[in-house]
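What follows is a set of notes on a single structure, which appears directly below.
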Amino acid sequence: MSILIDKNTRLVTTGITGSEGKFHTLRNRDYGTNVVAGVTPGKGGQDVDGIPVFNTIREAVDKQGANTAMIFVPPPFAADSILEAEEAGIELIIAITEGIPAHDELRAFQVIKKNGRSRLVGPNCPGILSPDKANVGIIPAGFFKPGNVGVVSRSGTLTYQVGNELAQSGFGNSTIVGIGGDPVPGTDFIDVLGLFQDDPETELIVMCGEIGGDAEERAADFIAAHVTKPVVGYIAGFTAPPGKQMGHAGAIVSGSKGTAAAKAEALEAKGVRVGRTPTEVARIAMEILGH
Amino acid sequence: MSILIDKNTRLVTTGITGSEGKFHTLRNRDYGTNVVAGVTPGKGGQDVDGIPVFNTIREAVDKQGANTAMIFVPPPFAADSILEAEEAGIELIIAITEGIPAHDELRAFQVIKKNGRSRLVGPNCPGILSPDKANVGIIPAGFFKPGNVGVVSRSGTLTYQVGNELAQSGFGNSTIVGIGGDPVPGTDFIDVLGLFQDDPETELIVMCGEIGGDAEERAADFIAAHVTKPVVGYIAGFTAPPGKQMGHAGAIVSGSKGTAAAKAEALEAKGVRVGRTPTEVARIAMEILGH
Amino acid sequence: MDLLEYQGKQLFARHGIPVPSGKPAGTVEEAVAAADEIGYPCAVKAQVQIGGRGKLGGIKIANNQAEARQHAEAILGMDIRGLTVFEVWIEGASQIASEYYASVVFDRGAKAPLVMLSTKGGMDIEAVADEDPDAIARLHVDPLLGFQDFHGRRLAYEAGVDADVVRPIGAMLKKLYNAFIAEEATLVEVNPLIITPEREVKALDAKVTLDNNALFRHPENAELRDRSAEDPQERMAKERGLTYVKLDGNIGILGNGAGLVMSTLDVVKGAGGEPANFLDAGGGSKADAITSAVEVILSDSKVTAVLFNIFGGITRCDEVARGLIEAFSQLNPSVPFVVRLDGTNDVEGRRILAEANLPNVYTEATMDGAAARVVELAKAA
Amino acid sequence: MDLLEYQGKQLFARHGIPVPSGKPAGTVEEAVAAADEIGYPCAVKAQVQIGGRGKLGGIKIANNQAEARQHAEAILGMDIRGLTVFEVWIEGASQIASEYYASVVFDRGAKAPLVMLSTKGGMDIEAVADEDPDAIARLHVDPLLGFQDFHGRRLAYEAGVDADVVRPIGAMLKKLYNAFIAEEATLVEVNPLIITPEREVKALDAKVTLDNNALFRHPENAELRDRSAEDPQERMAKERGLTYVKLDGNIGILGNGAGLVMSTLDVVKGAGGEPANFLDAGGGSKADAITSAVEVILSDSKVTAVLFNIFGGITRCDEVARGLIEAFSQLNPSVPFVVRLDGTNDVEGRRILAEANLPNVYTEATMDGAAARVVELAKAA
């Protein structure tokens, strides 16, 4: 078993006719993901390497039974595309687009939460990979194989780094979930931790955080209350100077709040072991699970 | 047992220092309703015949444990008061105010529905009476006694008329619920029908509709699917000319839709007996329940 | 409140919705001057709230001043299905490549605004809905979110508009929706919404219904009037804050609460009477409201008997009794009154009425009894 | 983007939020002219993004022209905690009866705007939050509903503002909230919000942070700049669309993705090195972005070695390799580069790089190995 995506995933890509949207959609299909449709307004009736293109997401749902959407449209239009997917009844919306205005994210998040019929992962995330089942997004799947370690991360490339270290130590993954580093992630650490906790295939969870916000601190509380499986943590940004924004809207330290040290401490206080480097994360995983 | 209000009701009235708000709140208290607070901004610290007045509903909740709000503020401010009650965590909001702008009602309804923490009854409704337990609103309680007939109605004074006919035939009531005749009632027939269905004390349900909209038609479908108790219907407006607005925003007939005849037919098609006058409603109730 | 076409178009223009430019006119001279200003050809359009006015001669194209004068003379003052034309709207004639239909409706069932779009414009949309329901694209908009670009795309593609106007139609729908919200309308309808040969999108007609309860927030709308649709009794009632609908019979009816008044009409009719009106004195009716109401009812000369049917909740029966006494002292009515008082302060109300000992006033204990009595009295008159 | 006080006040004024009238000035003469126009007494305020500028001599009251000149001369060009004052803001001196605090914050944890109000204005609000948290009234606003009147009342009563200003404070909070939404801010802060002896409510200071990602919708905001806060390298990077933060060390760092770059900084530091910068080349970095990034890194003369740490997802390693080759041909760098390429098209990237055979470029297979190597090379330089 995996979480969120698998062989039942029926993917529609919005922005499929853009160069990035096309490139990654075809890679996802090559990996084995069931890509059933693409959407680009005004290009309905065309196809992208055999994938039918529609004008609206609703059409992709009605005609192709799409249940998962990958959002690849440019930032000014991405929230509209997310909301369109929600309205069309898409169950899982994975938003790759980076640079969506924060207030757009806020409104999209609130609508999705209040209506309660879709889950949003991202935006500004690398997507989700369930090795040998499906890959939705931009995670370079070749580095990963099926296994019993679930990975959840705020940072895209860091996910690959940590995942790669685990792979080199012989671990495979149940699912790798990039939740994104934006101000308003649709899905939080605690949502994914809950899913991994309930996933029989996942035996260990790796959680990669970074400076800024309090998502890791809230995750620590959630782990103490609800997660019985072992969790290994990693936090990027121990050496980041305070008050500077480090790329992501998320990656900013203000005062004593949101530092990597504070986050690591919060996790360790709840019994979560925290690796200081990606390599150390793999080492701790080895100690816990053995081989 | 009753529905919605009973001895556990802890009422706060907003607009308690207005003449109508005061008059009916004190009548409700005289009847035995547990009135714990009133709210009028700027008059916090005063009292109305011993009922403490606060500036905000939140204070009435925090200090007096209010769980039910009766909205009596003038129409331009009533939706704000409803939303304030919702935000303060009031479980049951009963809005008496007539003449609230339709778009205000729409937004209030949507917020309450999406947040899912409160129920709104009204606006433009006479309130709820559970005889010998509690009376919240403007229903003249002296005409009613406890019993096994639940009454739900879109129209205030018509409720009294029908209730009175039932009383004169010897029936008492579990609860009488006025849902109001406004464009966007917070609670619909089907909500109340469901509550009466689950209420062990209610043995027969009387539903009073009127021309306009399709609430009665939807209720007919709901009754067929979910209500096993006998239901007697009444529809006002058999002789209303089409195209004319009869007072309520609700009471308007357009074309063949929304006529009293169409509604009676819809109910009768699902096996609900419909009285042509309030007196006939009582007679049908007698036939069903006997005496 | 229903707006006239030109009032609706002026409202549209305030929200950036493209409409043909035009001017209203109340006299032939004003109409000719307006036509000269706008230029020829132009349309002379009767301003009444009724469908199909074109077929009834209410819309004419003027190609020159003489025709403008001729049409204005013909249309101003004409009767269209019982409504008198007091105003015309002169607007530049539009070239039409396609006629669509668009509207935003306050959908009470779904409790959300419903936006509709169809390529079958310029026709009776209810007929389209009956005969070819799939020709109308429909979408509910979450009022907390508002109209999003995707709503416009979805409606435009589903309605099947020409590909080159998908975006402008979407933009137009967004503006219609925003006008609907900003003006607190219950209906905003454009039929036809036209595409010109230059591929411009324009509202060629406008039907707008505003929420009366929200007019206090829109003083510029509250001032708008439609003289053609006003009945003298109904206007009088409106000025007094009463809800009055004129009917054809001879029994004046006053009650409190729309449901009870409608029920009273039904019961009176069932007893063989013909109601002269619907009058809801409203919640919390005070004595002076009752006096006003009696005045309105009696201003209809057909009335030969009056029924008061009051079941007090927020209305107090003592106030009703005092109002009736005041009305008698001011108006000295010559027709009989049947009064039924129940509910809040009913004992007090009945006592006050009994003590006043008004001439020709009969009290009854039940609604059925009161209806039977008033029918009998009306027939005897 | 953080606005200067006067930029924030001009933004406030656009949204009807009362602020003292004033003018910005970049020279002493402009400042004197502005002071003459505004009248005396007036305040001369240094425009820098730093708290406590008053105590550091950055705010002075001028009672006449001579004092205005004297203060402008003193303040323009002064250094306040490392920031140079390029502009002053001259505004009429305000009378103060009470000092409050108000703000709207984009609360990422709650995923909703958070509105705060306190009667403890004019102080460091973080100190108030630590010492007397109950002195700050807080309320989350549902962004789909917006700021309602009751929000204003609740905050005003809970903060305990004077009874006579409950309504105007509520109205001010509503305007602040609406400005926060309309301008797509992540912070709008007024400290102090003052009550004058005439009981007027005014924003005496303004702190506004705007969402950079939304600036495309706000061209008038996108043009605003704060020269005092600009580092030359950071400006250069910004113009090139790169996220660059200058640090104190000598090892230039380039990576893709904020998390991986931060992790790289940690690992380099762990290996005994000192990073010279944070540089996130971003998702989907193209060859020319890489070339620009190398230029920015090398513009810092302290840099003695550079580490490329790329794990490609949306970024393609072949593009990175091509960019590095292009950078070498344009810039001919004299410091060593350590390159680690993994992820999308990594095989191709490594092949391209190998074939180019660039001088002084070392490839490493792992992040740890690359960090160790660059630290060694930097020390050897």
Side-chain angles (χ1 to χ4, degrees), chain A residues 20 24 27 75-76 96 98-104 106-107 109-111 113-114 124 126-127 137-140 143 153-161 164 181 183-184 208 210-215 218 234 236-241 244-251 255 260 276-279, chain D residues 106 108-109 111-113 126 142-145 180-181 184-186 211-217 243-248 255-270 275 278-280 282-284 309-317 342-346 366-368 371:
Chain A
E20 296 294 330
H24 291 285
R27 273 172 67 105
I96 310 299
E98 180 180 351
I100 300 178
H103 284 254
D104 281 5
L106 194 62
R107 284 185 317 133
F109 175 86
Q110 290 286 351
V111 168
K113 180 180 116 185
K114 292 190 179 189
N124 189 15
I138 63 176
I139 297 176
F143 289 89
S153 172
R154 272 168 75 183
S155 164
T157 48
L158 185 59
T159 314
Y160 320 152
Q161 180 66 42
N164 194 35
V184 191
C208 300
E210 61 187 33
I211 55 170
D214 64 351
R218 285 182 289 123
Y234 175 73
F238 274 89
T239 61
K244 290 284 192 178
Q245 187 161 330
M246 291 291 190
H248 284 187
R276 263 14 179 210
T277 66
T279 317
Chain D
F106 195 101
R108 299 161 50 126
K111 298 183 172 84
E126 303 212 347
D142 178 349
L144 298 180
L145 175 61
F180 173 87
I181 297 294
E184 304 192 61
T186 54
D211 176 14
N212 289 334
N213 284 341
L215 286 178
F216 72 93
R217 281 197 285 239
T243 309
Y244 174 92
V245 179
K246 194 167 176 180
L247 303 170
D248 293 329
N256 62 321
L260 182 61
V261 182
M262 280 191 288
S263 179
T264 310
L265 298 183
D266 292 349
V267 171
V268 166
K269 202 132 178 178
F278 168 103
L279 195 154
D280 176 7
N309 187 21
I310 300 292
F311 209 122
I314 202 161
T315 297
R316 306 185 201 170
C317 291
D342 262 325
T344 306
N345 294 7
D346 52 359
T366 66
M367 177 163 159
D368 289 0

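Lettering follows sequence order; numbering is per chain, from 1. A quick note: this is a predicted structure, and the numbers were derived from the prediction, not measured.
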Notebook entry, point to check: What heavy-atom pair brings A:Pro101 and D:Glu184 nearest, and what distance separates the two atoms?
Noted result: CB-OE1, 3.6 Å
Note to self: Please classify the contact between A:Phe143 and chain D as side chain, backbone, both or neither, with a heavy-atom cut-off of under 4.5 Å.
What the structure shows: side chain
Checklist line | 4.5 Å side-chain heavy-atom contact, D:Pro143 and A:Phe109 | finding: no
Notebook entry, point to check: How far apart are the closest heavy atoms of D:Lys111 and A:Leu106, and which atoms are they?
Noted result: O-CD1, 3.2 Å
Check: Can you find a heavy atom in the side chain of A:Tyr234 that is under 4.5 Å from one in the side chain of D:Ser263?
Finding: yes
Checklist line | Side chain / backbone / both / neither for A:Ala102 at chain D, heavy atoms under 4.5 Å | finding: both
Next item on the list: Select one option (side chain, backbone, both, neither) describing which atoms of D:Ile181 are under 4.5 Å from chain A's heavy atoms.
Entry: both
Next item on the list: Determine the option with the most heavy-atom pairs under 4.5 angstrom with chain D, choosing from A:Gly137, A:Gly127, A:Pro76.
Entry: A:Pro76
Margin query: Quick check: do D:Leu144 and A:Val111 have side-chain heavy atoms less than 4.5 Å from each other?
Written below: yes
Note to self: Given heavy-atom pairs under 4.5 angstrom as the criterion, report whether the side chain, backbone, both or neither of D:Lys269 touches chain A.
What the structure shows: side chain
Note to self: Is D:Asp342 in contact with chain A via its backbone, its side chain, both, or neither, using a 4.5 Å heavy-atom distance?
What the structure shows: both
Margin query: Please classify the contact between A:Phe238 and chain D as side chain, backbone, both or neither, with a heavy-atom cut-off of under 4.5 Å.
Written below: both
Note to self: Given heavy-atom pairs under 4.5 angstrom as the criterion, report whether the side chain, backbone, both or neither of D:Ala112 touches chain A.
What the structure shows: both
Item checked: Which of A:Pro140, A:Pro278, A:Ser153 touches chain D most, by non-hydrogen pairs under 4.5 Å -> A:Pro140
Notebook entry, point to check: Hey, does A:Val184 have a side-chain heavy atom less than 4.5 Å from the side chain of D:Phe106?
Noted result: yes
Notebook entry, point to check: Partners of A:Arg107 by salt bridge (Lys or Arg N to Asp or Glu O under 4.0 Å), sequence neighbours excluded?
Noted result: A:Asp104
Check: Just by modelled atom types, is the D:Gly259 backbone N or O under 3.5 Å from a matching donor or acceptor in the A:Gln161 side chain?
Finding: no
Margin query: Does any backbone or side-chain atom of A:Lys114 lie under 4.5 Å from a heavy atom of chain D? Answer side chain, backbone, both or neither.
Written below: side chain
Item checked: Inter-residue atom distance D:Leu260.CG - A:Thr159.OG1, 0.5 Å rounding -> 9.5 Å
Check: With sequence neighbours left out, what residues match A:Arg218 under salt bridge (Lys or Arg N to Asp or Glu O under 4.0 Å)?
Finding: A:Asp188, A:Asp214
Check: Is chain A contacted by the side chain of D:Asp266, its backbone, both, or neither, given a heavy-atom distance below 4.5 Å?
Finding: both
Next item on the list: Before giving the answer on side-chain hydrogen bond (donor to acceptor under 3.5 Å, both in side chains), spell out for D:Asp368 and A:Thr279 the whole-Å C-alpha distance, their side-chain angles and the decisive distance to 0.1 Å.
Entry: CA-CA 8 Å; D:Asp368 289 0; A:Thr279 317; 2.5 Å; yes
Checklist line | Nearest-0.5 Å distance, CG of residue A:Asn164 to OG1 of residue D:Thr366 | finding: 9.5 Å
Next item on the list: Look at D:Ala185, D:Gly313, D:Gly270 and state which one has the largest set of heavy-atom pairs under 4.5 Å with chain A.
Entry: D:Gly313
Next item on the list: Can you tell which part of D:Asp346 gets under 4.5 Å to a heavy atom of chain A, answering side chain, backbone, both or neither?
Entry: side chain
Check: Is the side chain of A:Thr157 donor-acceptor paired with the backbone N or O of D:Phe311 at a distance under 3.5 Å, no angle test?
Finding: no
